*Asks:* 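Here it is, the structure in full.
As the structure is a prediction and not an experimental result, all values here were calculated from the model.
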Amino acid sequence: MAGIKRKVPVHRLRCFLSMVGFFSESGLFPWCARKPPGWSRLFLSTACKGNFTHMIAKKCQKGQKSQKEPSHLGPLDGSWQERLADVVMPLWRMSYEEQLKVKFEAQKKILQRLESYIQMLNGVNVTIAACKFEGLRCLLHPIIPSPVISGYRNKSTFSVNRGPDGNPKTVGYYLGTGRDGNIVCVQSKHLKNIPEKHNQVAQYYEIFLRPSPLEPCLLFHEGGHWRELTIRTNSQGHTMAIITFHPQELSQEELCVQKETVKEFFIKGPGAACDLTSLYTMTRCSHQQSPYQLLFGEPCIFEDLLGLKIRISSDAFFQINTAGAEMLYQTVGELSGVNCDTILLDICCGTGVIGLSLAQHTSQVLGIELAEQAVEDARWTAAFNGITNCEFHAGRAERILPQLLKSKEDEQLIAVVNPARAGLHYKVVQAIRNCRAIRTLIFVSCKPHGETTRNIIELCCPSNSAKKLLGKPFVLRQAVPVDLFPHTPHCELVLLFTR
């Protein structure tokens, strides 16, 4: 869920302690004892714990009262809106120029600690290492600002829960945490990054829920039915809404009645004011079962990007800032150096936009994506735009990539990876590291201080037979921060590696 559900708790350090164990066992750390030397502990507690996002948010909220327990519940007023904004958009009180400075410094610190650690792994004396830019060996470019800073989100997900007035059928964003049992759902009318259209649909969804005889489903095991609302929009003004519904013990007939009720509300009832292009329900019985059903309208939404018409399905990943995504993909293309003699590997390609936008400059594009529907979108986009040199493979990259590379050992390959926050599977890292044909790698990450750190260390550390990292290590050459998330501490970082 966008916004506060991604707020990083202090206990996130645990994942980095597990990282210490991983590298200790594998021999990548130059010690075997449980307690690492001071410099390694420092690195893991800054660049890996590295929660600069958390640090920035904490600074911006300094002096404000703790959110642990709301002082009171009552009508929605400016104080609730400000508290929500402080959680969802910790930088909203700053000018955009100040935000960019904060983000740039955060990215620089992450890179400084990462480079320092990699140099130590490779036996380089940090004090005499040649630095090109403010303590960095790689070239750090100025941050690229977002072309749009207000209402830039093309996708928003709203929760349903107890509001400040105690009504459990309030649609908005969360304050508080489930762990502390103090969640309050606050309407998002004044969040700078949410478009008016998204707030309008959320408001009408709340209007629909209030008289409904069915209760909201706050937790799967506690009953209730109505859950999240996801809204997707494009630059042409088209709107797709997806309502998550838990059937619990409802019969198929009762389920159909509810679907028909919400459909009629948005077609002929008050919700018709939203002018939806399409409406889906996602009938979720568990975290694994989530079938989408189109109630009315077009099954997909389309976007114009970099001269291409892109198809986006209901559950496909697409960057939430369309104008910013153009800047991001242009940056990837410029750094990659693709030409007519190269093959581009687009790993974790989503709807395939990076590869498709560069297809005319390279001999072939090979895309890999886990979500089958996103692959179907990529294939449709290629066919519609007359692109014939792209192949897209659906499945896990750790299974597909090693086999794909076997037939490309004599080619000139350039790899682009844009993984989720969980980073790359270690078998994907192994395959890239051990493929001599890959001399250039572009790594795109919105969370370079998370699992991406582990990936980069494996790509750049000395050869290690125990971990099957046999190929020549990559070297970080350039880094470009690209801001896709104004008013938040988040930022995309594009990294260029060569060997």
*Asks:* Quick one: do the S188 and N199 side chains pair a donor with an acceptor below 3.5 Å?
*Replies:* yes
*Asks:* If only atom types and distance count, is the side chain of K103 paired as donor or acceptor with the main-chain N or O of E98 below 3.5 Å?
*Replies:*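 Not at all, since once roles are kept as given, no pair shorter than 3.5 Å links the two residues.
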*Asks:* I'd like to know if the side chain of Y173 and the backbone of S159 have a donor-acceptor N/O pair within less than 3.5 Å.
*Replies:* no
*Asks:* Contact between I368 and L404 at the side-chain level, heavy atoms closer than 4.5 Å - yes or no?
*Replies:* yes
*Asks:* Do the non-hydrogen side-chain atoms of V416 and L345 ever get within less than 4.5 Å of each other?
*Replies:* no
*Asks:* For residues Q364 and E391, determine if any side-chain heavy atom of one lies less than 4.5 Å from a side-chain heavy atom of the other.
*Replies:* yes
*Asks:* Would you call C390 and L356 a side-chain contact if the rule is heavy atoms closer than 4.5 Å?
*Replies:* yes
*Asks:* Donor-acceptor pair, distance only, cut-off 3.5 Å: does the side chain of E369 make one with the backbone of G352?
*Replies:*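 No, E369 side chain to G352 backbone: no donor-acceptor pair under 3.5 Å.
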*Asks:* Looking at F318, is K155 sitting on its ring face, NZ or CZ under 6.0 Å from the six-membered ring centre and within 45 degrees of the normal?
*Replies:*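 That pair does not qualify as a cation-pi contact.
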*Asks:* Do side-chain atoms of N434 reach the backbone of G471 as a donor and acceptor pair under 3.5 angstrom?
*Replies:* yes
*Asks:* Report the C-alpha distance between W92 and D86 in whole Å, list the side-chain angles of each, state the deciding distance to 0.1 Å, and finish with yes or no for side-chain hydrogen bond (donor to acceptor under 3.5 Å, both in side chains).
*Replies:* CA-CA 7 Å; W92 72 280; D86 286 337; 2.7 Å; yes
*Asks:* Taking the six-membered ring of F302 as reference, does the cationic atom of R311 (NZ for Lys, CZ for Arg) lie under 6.0 Å from its centre and within 45° of its axis?
*Replies:* no
*Asks:* Using a 6.0 Å cut-off, check whether atom NZ of K408 has over 12 heavy atoms from anything other than its own residue.
*Replies:* yes
*Asks:* Going from CG on L229 to CD1 on I242, what distance comes out if it is rounded to the nearest 0.5 angstrom?
*Replies:* 8.5 Å
*Asks:* Hey, does the side chain of R439 reach the backbone of R499 with a donor-acceptor pair shorter than 3.5 angstrom?
*Replies:* yes
*Asks:* Which residue is it: H238, R153, H198? I am looking for the one with a side chain to side chain donor-acceptor pair (under 3.5 Å) to T233.
*Replies:* H198
*Asks:* Any side-chain heavy atom of L401 sitting closer than 4.5 Å to one from I432?
*Replies:* yes
*Asks:* On the 0 to 90° scale, with breaks at 30° and 60°, tag the F497-F443 ring pair as parallel, tilted or perpendicular.
*Replies:*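 Plane angle over 60°, so perpendicular.
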*Asks:* Hey, what do you get for CG (L366) to CG (L405), rounding to the nearest 0.5 Å?
*Replies:*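 CG of L405 is found 9.0 Å from CG of L366.
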*Asks:* Flag the pair K197 and D275 as a salt bridge only when some basic side-chain nitrogen lies within less than 4.0 angstrom of an acidic carboxylate oxygen.
*Replies:*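 Salt bridge absent between K197 and D275.
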*Asks:* State, with a plain yes or no, whether a side-chain heavy atom of L413 is found less than 4.5 Å away from one of T342.
*Replies:*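 The answer is no; the side chains never approach within 4.5 Å.
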*Asks:* Closest heavy-atom contact between Q373 and S313?
*Replies:* NE2-OG, 3.1 Å
*Asks:* Would you mind checking if E376 and R379 are paired as a salt bridge, meaning a charged N to carboxylate O distance below 4.0 Å?
*Replies:* yes
*Asks:* Which pairs pass side chain to side chain donor-acceptor pair (under 3.5 Å) with one or both residues in residues 320-338, sequence neighbours excluded?
*Replies:*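 Counting only pairs at least two positions apart or across chains, the side chain to side chain donor-acceptor pair (under 3.5 Å) contacts touching residues 320-338 are S146-N321, N154-T322.
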*Asks:* Should the pair E82-R93 be classified as a salt bridge under the 4.0 Å nitrogen-to-oxygen rule?
*Replies:*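 Yes, this pair counts.
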*Asks:* List the steps and the verdict of side-chain contact (heavy atoms from CB on, under 4.5 Å) for C348 and L424.
*Replies:* CA-CA 9 Å; C348 308; L424 295 171; 4.0 Å; yes
*Asks:* So L441 and V417, do their side chains get closer than 4.5 Å, heavy atoms only?
*Replies:* yes
*Asks:* Tell me whether T362 contacts the main-chain N or O of A359 through its side chain, where contact means a donor paired with an acceptor under 3.5 Å.
*Replies:* no
*Asks:* What do the steps show when you test L114 against T453 for side-chain contact (heavy atoms from CB on, under 4.5 Å), and what is the final call?
*Replies:* CA-CA 7 Å; L114 181 60; T453 300; 4.2 Å; yes
*Asks:* Would you please name every residue forming a side-chain hydrogen bond (donor to acceptor under 3.5 Å, both in side chains) with Q236, sequence neighbours left out?
*Replies:*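 Testing Q236 for side-chain hydrogen bond (donor to acceptor under 3.5 Å, both in side chains), a comparison that skips the adjacent residues, returns N234, D304.
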*Asks:* CD of Q478 to CG of L140: how many Å apart, nearest 0.5 Å?
*Replies:* 10.0 Å
*Asks:* With rounding to the nearest 0.5 Å, note down the distance linking NE2 in H393 to CG in D346.
*Replies:*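 Output value for this atom pair is 11.5 Å.
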*Asks:* Working to the nearest 0.5 angstrom, can you tell me the gap between D483 CG and Q107 CD?
*Replies:*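 Those atoms lie 9.5 Å apart.
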*Asks:* Under a 3.5 Å distance rule, please check whether Q99 uses its side chain to pair with a backbone N or O of H487 as donor and acceptor.
*Replies:* yes
*Asks:* Heavy atoms only: give me the nearest E298-S278 pair and the separation to one decimal.
*Replies:*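 The answer is O-CB, 2.9 Å.
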*Asks:* Does the side chain of C340 reach to within under 4.5 Å of the side chain of H361, using non-hydrogen atoms?
*Replies:* no
*Asks:* Got a donor-acceptor contact below 3.5 angstrom from the Q81 side chain to the Q187 backbone?
*Replies:*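 Between the backbone of Q187 and the side chain of Q81 there is a qualifying donor-acceptor contact (under 3.5 Å).
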*Asks:* Is it true that a side-chain atom of E115 and a backbone atom of C138 form a donor plus acceptor pair closer than 3.5 Å?
*Replies:* yes
*Asks:* If we check side chain to side chain contact (heavy atoms under 4.5 Å, CB included) with C491, which of these qualifies: I143, V482, L484, I110?
*Replies:*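 So, applying the side chain to side chain contact (heavy atoms under 4.5 Å, CB included) to C491 and each of I143, V482, L484, I110, only I143 qualifies.
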*Asks:* Testing the basics here: between I312 and E303, what is the closest heavy-atom pair and its distance to 0.1 Å?
*Replies:*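 Looking at all heavy atoms of both residues, the shortest contact is CD1-CB, 4.1 Å.
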